[in-house]
Number of protein chains: 2
Amino acid sequence: MKIVVIGGGASGLGAAGAAKGVDPSADIVNYTEFEDVAYSPCGIPFVHGREIESFDKLFLATKQQYADQGIDIHYTTTVESIDVKRHAIKVREEGEIRYDRLVLATGWNYSDPQIPGDHLEGIYRVKNIRRAMEWDKFIDTVKSAVVVECGPIAVEMVSALVHRGIKVTVVDPAPWPMAGVVDPDIIEPVRKSWADAGVVTLWGERVTAFGGQGALAYAETTAGRVEAQLAIIGTRKAPNTALARAAGVALGATGGIIVDSFMKTSASDVFAAGDCTEIPHGVTNVPLQGLSGSHAYAQGKAAGVNAAGGRREYQPVYVPWAMLAGDWMIGGVSFGETTAAAIGVKFVSGASNGITRARYYPGVRPITVKLLADPATRCLIGAQMVGGEGVKERADFLGMAVRSGISIDDLATMENVYSPAIGALNEPIAMAAQAVQQKLGRR
Amino acid sequence: MKIVVIGGGASGLGAAGAAKGVDPSADIVNYTEFEDVAYSPCGIPFVHGREIESFDKLFLATKQQYADQGIDIHYTTTVESIDVKRHAIKVREEGEIRYDRLVLATGWNYSDPQIPGDHLEGIYRVKNIRRAMEWDKFIDTVKSAVVVECGPIAVEMVSALVHRGIKVTVVDPAPWPMAGVVDPDIIEPVRKSWADAGVVTLWGERVTAFGGQGALAYAETTAGRVEAQLAIIGTRKAPNTALARAAGVALGATGGIIVDSFMKTSASDVFAAGDCTEIPHGVTNVPLQGLSGSHAYAQGKAAGVNAAGGRREYQPVYVPWAMLAGDWMIGGVSFGETTAAAIGVKFVSGASNGITRARYYPGVRPITVKLLADPATRCLIGAQMVGGEGVKERADFLGMAVRSGISIDDLATMENVYSPAIGALNEPIAMAAQAVQQKLGRR
């Protein structure tokens with residue numbers, strides 16, 4: 001059995017490793033266009049921000065370790081086409097390669113903001129570690145930067161650039177950044193912490209052109225000219241599906257590859273995983289694309305297991321997420337009020353302003369929790385948070401709560417740990433659930 | 001309507017406030033033997049340890065605030081008896097007081113370790129804030145201390161005394177401290193961090209006598225004499241039920257007052273809440289006594305609502321808990337392997353050794369998660385953890401998971417937040433669930 005994986009990111013390596021686990025005798029070949037695999041791209045903003053001392057720290061495994069596992073990685077190779085009928089791919093450097101099973105893990109690219117002057121030096125799309133090493137030296141030369149649409153990676157880059165002493169202007173055409181998953185009350189503390197750090201926010205505005213002589217010198221925006229030697233492109237993740245589309249593999253409404261719950265595509269013996277796919281949302285059934293590295297990895301493992309003849313079903317997603325943003329952690333599950341209203345999901349929301357430790361304990365931070373419930377079933381359908389600590393773990397909890405059909409009434413009466421150094425008497429999740437109960441009436 | 005509450009701790013004040021909320025016209029009188037209410041006794045070890053700068057920080061509300069709420073607190077009063085037939089109590093300072101509804105919130109005392117020499121100066125039962133203020137000055141004079149049975153408060157006091165530069169010896173008759181809720185693999189990192197701080201652990205040993213001339217100078221133990229000017233009594237919480245017993249209110253197997261799900265006792269119009277009661281465990285139905293401050297508060301609120309004519313049901317408990325212990329946080333839900341085996345609960349366990357952030361991110365700490373599942377239903381029935389952060393939030397999550405009947409298979413496929421600064425690619429809860437699946441076989 002020969003299993004070919006295209007793509008060396010979290011989904012591709014997850015697939016390769018899982019396939020080898022199911023069928024140790026399988027011939028596993030992975031093609032990547034890049035020089036490296038098995039590093040953590042998610043860490044790049046934090047090396048730029050100097051929280052992490054060097055890019056070397058981001059490497060998780062050596063090339064030899066993959067070879068030792070029996071995974072044959074072909075670096076700096078370009079797959080030019082796929083012939084799904086003949087079960088073959090064409091590799092520029094190697095010619096035609098046959099497969100028994102194929103896993104597409106081709107990932108994503110930043111969607112093109114289509115701004116004139118995009119050829120100038122200084123326009124940075126944070127993604128690849130080798131490029132990041134080069135850009136890191138360039139960042140030393142920069143006095144001011146502009147962020148062009150402020151997606152999650154760009155949010156992290158704002159902090160990184162602030163830490164580097166760079167004047168940052170955030171330009172986002174939406175009324176606030178990450179508006180698809182974040183409500184205004186959640187982003188407000190972030191905005192304030194950015195403002196305190198000197199970050200200028202131009203929200204509801206657009207970059208209309210880049211200007212400069214060879215190198216970027218300024219961005220023209222709908223709110224005037226912004227001086228900048230560096231532009232961070234923070235547009236949404238677009239699925240990288242050129243190969244799949246050319247091969248006739250079915251794509252969905254988001255542009256991502258359609259997969260079933262076993263990560264099978266429309267083509268026989270072709271699987272897909274990660275940011276090149278789309279996955280149904282568990283509450284709305286709307287397909288989502290451009291999820292997190294942990295989603296990509298889990299999907300890759302499911303695809304690899306199934307490609308090798310095993311059986312692993314991948315569940316619909318509820319998308320717990322969390323990240324650093326300014327002085328805060330933000331996070332949530334599913335969607336907030338803005339998106340729920342936009343897509344016509346009926347909801348009742350309740351929020352609480354809690355604290356993360358006893359009021360008197362050093363390091364105590366505020367935390368706001370907002371919960372959305374289905375008014376008919378009283379089940380939790382979404383959540384958002386902004387706080388000083390404990391946002392990741394609460395997002396994981398609430399993600400499982402949505403998936404398991406846990407109700408507001410369950411959460412309102414949850415037991416919670418109270419211990420001064422690590423948790424407050426009143427758990428903010430329970431208080432937010434009680435606020436929803438107030439609106440719905442106790443059952 | 002006159003509602004009398006006996007006890008000014010979390011359950012008593014929770015009851016008084018909740019009763020007033022339901023029936024603002026009710027006459028609410030609270031009797032407490034102490035000089036203060038509405039402080040956080042849980043914070044006392046951390047003031048002793050100098051994490052918190054003064055005892056004043058632990059006060060949550062002023063006496064005037066309760067008066068303003070219409071709660072009439074009678075300080076330094078002693079309730080001598082209850083006549084449940086005549087609906088009256090006898091207060092030493094006031095004579096007979098009639099009630100329409102009575103809430104018993106009489107709390108707990110350390111169980112008596114019955115050690116000769118207990119009258120000597122220097123034997124400290126950490127509980128009351130005024131006494132703690134006096135003891136704090138005494139601690140300045142102490143060179144070495146002995147802990148007599150190492151319950152949760154004593155575990156916190158070990159760290160406090162270490163922070164004060166005091167040589168500590170922990171004597172516990174069990175094979176390790178908190179053996180009822182903690183397994184050996186969970187306590188081992190704590191033992192090591194204590195040993196690194198110079199703490200001597202005499203486990204499986206007993207203090208047989210206190211010695212000294214008026215003041216404590218040493219403790220005799222089954223492992224020899226231990227020099228100590230201070231002894232911390234860390235025996236289990238015994239329910240304070242003298243009044244209830246004398247009044248003929250039914251007590252249960254633990255010695256705690258038996259209550260129904262509305263916190264009603266066996267006596268008409270008499271409710272009880274907090275550490276003087278016993279509450280059924282949700283998995284085993286075994287009554288538990290001596291839970292946490294958040295349990296006491298929630299029970300008090302339920303008792304107060306019902307006493308005032310409202311309706312609030314209190315759920316069986318699954319007891320998520322967590323606390324600082326040495327350099328670690330420990331925590332869990334329900335019970336670990338030791339207790340499960342002891343009480344004859346069938347289980348399969350699985351553990352994972354994970355990390356709390358990306359491996360390369362500053363502040364990353366190890367975290368071990370152990371899960372217990374019912375082999376027949378595959379539902380989660382217990383958990384234990386030791387880690388550097390995020391233990392409280394995970395305990396809350398897993399407490400709800402046990403209560404909601406979430407299975408190991410659900411947890412094994414949970415979505416999790418991965419973001420380098422706040423969460424690792426592989427969530428340790430999911431990995432531990434996968435370890436249980438390995439033993440049970442995938443479903």
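Throughout, protein chains are lettered first and strands after them, A, B, ... in sequence-line order, and every chain is numbered starting at 1. In what follows, every heavy atom counts, from backbone to side chain, and hydrogens, waters and symmetry copies are set aside.
Counting heavy atoms from C-beta on, the side chains of I52(B) and P362(A) come closer than 4.5 Å.
By number of non-hydrogen pairs under 4.5 angstrom with chain B, the leading residue of S419(A), G399(A), G423(A), C42(A) is C42(A). Ranked by heavy-atom pairs shorter than 4.5 Å toward chain A, the options K57(B), M329(B), R359(B) are led by R359(B). Top candidate by heavy-atom pairs under 4.5 Å with chain B, chosen from S404(A), A358(A), S40(A), is S40(A).
Remark: side-chain polar atoms of S292(B) are not paired, donor with acceptor, to backbone N or O of Y418(A) under 3.5 angstrom. R394(B) places no side-chain N or O within 3.5 Å of a backbone atom of F397(A) that could act as its donor or acceptor partner. A donor-acceptor pair under 3.5 Å is formed between the side chain of Y360(A) and the backbone N or O of G43(B).
With a threshold of 4.5 angstrom between heavy atoms, I406(B) approaches chain A through side-chain atoms but not through N, CA, C or O. For L411(B), the parts sitting under 4.5 Å from any heavy atom of chain A are the backbone and the side chain alike. When heavy atoms are compared at a cutoff of 4.5 Å, L60(B) approaches chain A by way of both its backbone and its side chain. Both the backbone and the side chain of L58(B) come within contact range of chain A, judged by heavy atoms closer than 4.5 Å. Within the 4.5 angstrom heavy-atom criterion, only side-chain atoms of E156(B), from C-beta onward, approach chain A.
Of the candidates R403(B), E313(B), R312(B), R403(B) is the only one forming a side-chain hydrogen bond (donor to acceptor under 3.5 Å, both in side chains) with T413(A).
Enclosure of atom CD in Q65(B) by more than 12 non-hydrogen atoms of other residues, nucleotides or ligands within 6.0 angstrom is indicated.
The nearest pair of heavy atoms linking V417(A) to A395(B) is CG2-CB, 3.8 Å. Minimum interatomic distance between I422(A) and E393(B) (heavy atoms only, all atoms of both residues): O-OE2, 4.5 Å. For M400(A) against D410(B), the heavy-atom pair with the smallest separation is CE-O, 3.2 Å. The shortest heavy-atom contact between A421(A) and L324(B) is CB-CD1, 3.4 Å.
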Identify every side-chain donor-acceptor pair in residues 314-323 of chain B under 3.5 Å, counting partners at least two apart or on other chains, and give the distances.
unit_1: Y314(B); atom_1: OH; unit_2: Q299(B); atom_2: NE2; d: 3.4

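Between E389(A) and K392(B) there is no salt bridge, since none of the side-chain N atoms of the basic residue sits less than 4.0 Å from a carboxylate O of the acidic one.
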